[in-house]
Amino acid sequence: QQPVQSPQAVILREGEDAVINCSSSKALYSVHWYRQKHGEAPVFLMILLKGGEQKGHEKISASFNEKKQQSSLYLTASQLSYSGTYFCGTEWGGGGADGLTFGKGTHLIIQP
Amino acid sequence: NAGVTQTPKFQVLKTGQSMTLQCAQDMNHEYMSWYRQDPGMGLRLIHYSVGAGITDQGEVPNGYNVSRSTTEDFPLRLLSAAPSQTSVYFCASSYADRAGNTIYFGEGSWLTVV
């Protein structure tokens, strides 16, 4: 079951904040977040493991609510370089051997 | 530091032709996988491998074949190319530790089947 990402697209002015959500109907072991720019490979941002943790990476942070099977990615004081498509990838069993199931992506456009 | 290397980067095939997308990683990762990316669909898992000699099917395996004779290499074969296989293909390798399973992608291979 493919996780559902929302919103599908966001247009922001530089300096504004954004939240991207990723929901699963199946119990999750972990959620991975990636950013992809046009014509390039997805770039790893962070992993969140079950247990309801939150992580931060400069002005980009994320949370994982195990009860809701939902993860949210927070981008604060957005910069032009944050533009791209954000994907969440979900993993149901631990160990990481059998790949990820990705959402369809959220397009983020940052305008000056 | 090469990471995950894919070749070719671009390829045009005629319907019915066969070809192999090459993937090599130099990070000694146990796990390798192939994804395809189509507009509006996200990345979908084709095949994956948990180690040399072991492969398994992902979400969309039909029309593709893989093998893993070494830890480093994980080629993807298109047996008889069809226009529906026009896509961008990403090879990935990963390892699992206490922090989770970190996946690294290659730069992608753009395939067009005419």
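Convention: sequence-line order gives letters A, B, ...; per-chain numbering from 1. Because the structure is predicted, anything quoted here is derived from the model rather than measured.
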Q) Is the A:Phe102 to B:Tyr35 ring centre distance short of 6.0 Å? A) yes

**Q.** A:Gln36 side chain near B:Phe90 side chain, heavy-atom distance below 4.5 Å
**A.** yes

**Q.** Within 6.0 Å of NZ in B:Lys9, more than 12 heavy atoms from elsewhere
**A.** yes

(Q) What part of B:Glu30 gets within 4.5 angstrom of chain A, counting heavy atoms only: side chain, backbone, both, or neither? (A) neither

Q. With hydrophobic residues grouped by side-chain heavy-atom distances under 4.5 Å, do A:Leu73 and A:Val4 end up in a single group?
A. no

Q. Would B:Leu111 and B:Val114 show up in the same hydrophobic cluster when neighbours are defined by side-chain heavy atoms closer than 4.5 Å?
A. no

Q: Please check if atom CD in B:Gln22 has more than 12 non-hydrogen atoms from other residues, nucleotides or ligands closer than 6.0 Å.
A: yes

Q: Determine whether more than 12 heavy atoms belonging to other residues, nucleotides or ligands lie under 6.0 Å from atom NZ of A:Lys68.
A: no

(Q) Tell me the closest heavy-atom pair linking B:Gly106 and A:Ala41, and the distance in Å. (A) O-CB, 3.0 Å

Q.
Under a 3.5 Å distance rule, please check whether A:Tyr34 uses its side chain to pair with a backbone N or O of B:Ile103 as donor and acceptor.
A. yes

**Q.** Value rounded to 0.5 Å, distance of CE in B:Met41 from NZ in A:Lys104
**A.** 5.5 Å

Q: Kindly compute the distance separating CG (A:Leu100) from CZ (B:Arg44), expressed to the nearest 0.5 Å.
A: 15.5 Å

Q | Proximal component of B:Leu43, with respect to chain A [non-hydrogen, under 4.5 Å] | A | both

(Q) Just by distance, no angles: are the side chains of B:Glu59 and A:Gln2 close enough, under 3.5 Å, to form a donor-acceptor pair? (A) no

Q.
Side-chain heavy atoms nearer than 4.5 Å, only ILVMFWY residues, links allowed to pass through others: does that put B:Met19 and B:Leu76 together?
A. yes

(Q) Using the rule that Ile, Leu, Val, Met, Phe, Trp and Tyr join whenever any side-chain heavy atoms are under 4.5 Å apart, tell me whether A:Leu108 and A:Leu80 fall into a single cluster. (A) yes

